[in-house]
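What you see is a predicted model; the values in this text were computed from it and never measured.
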Amino acid sequence: MLYVSSTLMWAYPVEAAILIARQYGFSGMEVWAEHVWFHQSNPREIQQAAKRVGMKLTLHAASWDLNLCSLNHGIRQQSITEVKRSIALAAEIGAKSVTIHPGRFTLTSKNRGMHESLLIESVNELAHEAQRQDCILSIEHIEPLPKEMIVTPQDLNRLRAALAYPTTATFDIAHVPLSCSLTQFYRELEGVDKIHVSDATASKLHVPLGTGEIDLEAIWPLLFEKDRPVVVEGFDDARDLGVLKQNLLYLQHGDCVSFG
């Protein structure tokens, strides 16, 4: 099932982006909570637009400027509040899977034990809230930057195993270092319910498909081996949708996929 991220149509409110995405042949959309709030959209209108054109929805929770295991209590609590607000939004628009970004180190990895305890506490609270709202929390691994904590399959598997409430995993191919085997990373990651796809170069992530250095042809069939959302990601705030159209060129004419 090929989905598209609403952030590729940032210039348009989500209810309009849904109609655009359907016209381009996508079967679903991952709605970013910040996109909804930026345009002050009505969740009911989003749900109605999706139903009208038969679009399935998932949700990406707020993540910008947040840290679920910050050593600063106020920042940590506000981060939890924003993700809970995202979960409530998912319930309103009818999205059952809510992707979240895990927390990161405030200082250095020397404080890992303290940060891990705070992260487990925060994510447990959020996973419980998702369950209460009839959603599932899907935790995404992040690219291996200096302060990121959850960057390998083992990191994410251990975090999920430590939780008291059910969660799933979001696999993002652009977050896997170019030097690593995408196939091996994918095989080692447990409980994947959603896949994010974009290309990447050594210096930039989430570039349009076919414009980076990821071996898409090798990984593409594996991504569609099960029936679950495969979300084309990126960001574009231009009304001409140039980045989305670059992705469509690959999807429509690439050797490794049939689309549209």
Side-chain angles (χ1 to χ4, degrees), residues 1-8 26-30 32 58 60-61 63 97-104 109 136-161 167-236 243-244 246-260:
M1 293 186 291
L2 202 58
Y3 285 43
V4 63
S5 171
S6 70
T7 52
L8 279 167
F26 291 98
S27 62
M29 174 175 283
E30 178 136 294
W32 278 58
T58 60
H60 195 298
S63 60
S97 176
V98 181
T99 289
I100 67 164
H101 284 189
R104 59 190 180 278
S109 59
I136 188 79
L137 213 61
S138 187
I139 308 169
E140 183 174 357
H141 62 95
I142 306 299
E143 67 271 24
L145 297 173
K147 290 192 175 183
E148 294 295 348
M149 292 176 62
I150 308 301
V151 301
T152 69
Q154 291 74 28
D155 291 336
L156 186 44
N157 293 344
R158 281 195 299 269
L159 172 60
R160 293 185 54 238
T167 59
T168 54
T170 295
F171 175 51
D172 190 316
I173 67 171
H175 288 172
V176 180
L178 292 169
S179 59
C180 294
S181 165
L182 267 177
T183 301
Q184 182 178 349
F185 193 108
Y186 168 76
R187 294 295 192 199
E188 292 177 357
L189 187 60
E190 299 169 359
V192 174
D193 79 328
K194 184 191 303 179
I195 296 169
H196 288 169
V197 295
S198 58
D199 217 328
T201 68
S203 60
K204 188 174 182 180
L205 301 184
H206 306 305
V207 300
L209 296 167
T211 67
E213 300 169 34
I214 295 176
D215 188 356
L216 294 169
E217 188 171 350
I219 191 67
W220 203 267
L222 194 61
L223 303 182
F224 288 90
E225 67 175 1
K226 296 180 182 178
D227 186 24
R228 64 199 159 187
V230 176
V231 185
V232 179
E233 276 204 316
F235 181 87
D236 188 4
V243 177
L244 175 62
Q246 279 186 284
N247 280 292
L248 287 165
L249 280 175
Y250 175 83
L251 294 169
Q252 291 166 343
H253 302 296
D255 294 333
C256 60
V257 63
S258 174
F259 174 74

For Arg104 and Ile150, indicate whether the former's side chain and the latter's backbone hold a donor-acceptor pair under 3.5 Å. no

Of all heavy-atom pairs linking Leu178 and Ala202, the shortest is CD1-N, 3.7 Å

Would you call Thr168 and Ile139 a side-chain contact if the rule is heavy atoms closer than 4.5 Å? no

Heavy-atom pair of closest approach, residues Ile142 and Glu148: CG2-CD, 3.5 Å

About how many Å separate CG of Leu205 and CG of Leu145, when rounded to the nearest 0.5 Å? 7.5 Å

Side chain Ser198, main chain Ala174, donor-acceptor under 3.5 Å: no

In Å and rounded to the nearest 0.5 Å, what is the CG to CD distance from Leu189 to Gln154? 9.0 Å

Indicate the atoms forming the closest heavy-atom contact of Val192 with Ile195, along with that distance. CG1-CG1, 4.0 Å

Side chains of Thr99 and Lys194, donor plus acceptor under 3.5 Å: yes

Would you name the heavy atoms of Ser6 and Met29 that are closest together and state the gap between them? CB-SD, 3.7 Å

Please test Phe224 against Leu2 for side chain to side chain contact (heavy atoms under 4.5 Å, CB included), starting from the C-alpha separation and ending with a verdict. CA-CA 9 Å; Phe224 288 90; Leu2 202 58; 3.7 Å; yes

From Leu222 CG over to Tyr186 OH, what is the distance, rounded to the nearest 0.5 angstrom? 5.0 Å

Out of the candidates His101, Glu233, Glu30, only one should pair with His60 under the side chain to side chain donor-acceptor pair (under 3.5 Å) rule; please name it. His101

Within this structure, what is the CG-CZ distance for the pair Leu8 and Phe26, rounded to the nearest 0.5 Å? 7.5 Å

For the atom pair CE (Met1) and OG1 (Thr58), what is the distance rounded to the nearest 0.5 Å? 9.5 Å

For the pair Glu225 and Arg187, find out whether any cationic side-chain nitrogen is under 4.0 Å from an anionic carboxylate oxygen. yes

Side chain of His141, backbone of Asp172: donor and acceptor closer than 3.5 Å? yes

Looking just at side-chain N and O atoms, do Ser5 and Thr7 make a donor-acceptor pair shorter than 3.5 Å? yes

CG/Leu248 to CG/Leu244 distance, rounded to the nearest 0.5 angstrom? 4.5 Å

I'd like to check Ile173 versus Trp220 (side-chain heavy atoms, cut-off strictly below 4.5 Å). Are they in contact? no

Evaluate the side-chain proximity of Leu137 to Ile100: yes if any heavy-atom separation is below 4.5 Å, no if none is. yes

When every non-hydrogen atom of Thr201 is compared with those of Gly212, the smallest separation belongs to CG2-CA, 3.9 Å

Work out which heavy atom in Pro208 is nearest to a heavy atom in Val243; give both atom names and the distance. CG-CG1, 3.8 Å

Would you sort out whether Asp215 and Leu182 count as a side chain to side chain contact (heavy atoms under 4.5 Å, CB included), showing the intermediate values? CA-CA 9 Å; Asp215 188 356; Leu182 267 177; 5.9 Å; no

Between Arg160 and Thr167, is there a donor-acceptor pair closer than 3.5 Å when you use the side chain of the first and the backbone of the second? yes

Checking Val197 against Val231 for the side chain to side chain contact (heavy atoms under 4.5 Å, CB included) test, could you report, in this order, the C-alpha distance in whole Å, the side-chain angles of both residues, the deciding distance, and whether it holds? CA-CA 6 Å; Val197 295; Val231 185; over 6 Å; no

Give a yes or no on whether the backbone of Val207 and the side-chain of Asp199 come within a donor-acceptor separation of less than 3.5 Å. no

Under a 3.5 Å cutoff, is there a donor and acceptor pairing between the side chains of Ser97 and Asp193? yes

